[in-house]
Amino acid sequence: MGGSPPQPPAPSAGRVRTGADGRRTGVDDGGPGGPAARGGSGDTVGAAPYASAFRQSGGATFRLVVDVGSWDESLAMNSPGQSGDPGSRHYRDLFGAWAGDAAFPLLYSRSAVEAATEQIVTLEPAADGA
């Protein structure tokens, strides 16, 4: 018994500043796209300027590292997801990886792309008069 009560952890930039996916609603809805702890500022390598309430107000959502000596070793990030279709599982699936400064393989060779293909969508022009 007695003793001091537990103390909260010391504040850190990542616990204070947050980034959120505002693409769908324009606000942080707390869904799978955020909020997420983010470090940095407008003056850091991982530029993440913030506005009122320490909410991230800018920064890159697309990042690309190209290895021209080994194209299949290239990396990319496109947050919050690869799809523009809100019904797709890839609509917001990259937000957590983006917030953690991660990347995914950006594949170039036919064999690497075919090995990683999940779905093929074939688009055809409408018939005349349609």
Practice problem: Taking Ser83 for its side chain and Asp85 for its backbone only, find out whether a donor-acceptor pair lies under 3.5 Å. | Solution: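 Between the backbone of Asp85 and the side chain of Ser83 there is a qualifying donor-acceptor contact (under 3.5 Å).
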
Quiz item: Got a donor-acceptor contact below 3.5 angstrom from the Asp72 side chain to the Ser109 backbone?
Solution: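 Side chain of Asp72 to backbone of Ser109, a donor-acceptor pair under 3.5 Å: yes, one is there.
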
State yes or no: do [X] and [Y] share one hydrophobic cluster built from I, L, V, M, F, W and Y residues joined by side-chain heavy-atom distances below 4.5 Å, directly or via other members?
| X | Y | answer |
| --- | --- | --- |
| Met77 | Phe95 | yes |
| Leu107 | Val68 | no |
| Phe62 | Leu94 | no |

Hey, does [Y] have a side-chain heavy atom less than 4.5 Å from the side chain of [X]?
| X | Y | answer |
| --- | --- | --- |
| Leu106 | Trp71 | no |
| Glu118 | Arg89 | yes |
| Arg63 | Asp101 | yes |
| Val121 | Leu123 | yes |

Exercise. Any chance you could measure Asn78, atom CG, to Phe104, atom CZ, to the nearest 0.5 Å?
Key: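 The distance works out to 6.0 Å.
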
Self-check item: Stepwise side-chain contact (heavy atoms from CB on, under 4.5 Å) test for Ser74 and Tyr108
Solution: CA-CA 8 Å; Ser74 299; Tyr108 280 89; 3.9 Å; yes

Practice problem: Heavy atoms only: give me the nearest Asp93-Gly81 pair and the separation to one decimal. | Solution: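 Between these two residues, the closest heavy atoms are OD1-CA, 3.7 Å.
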
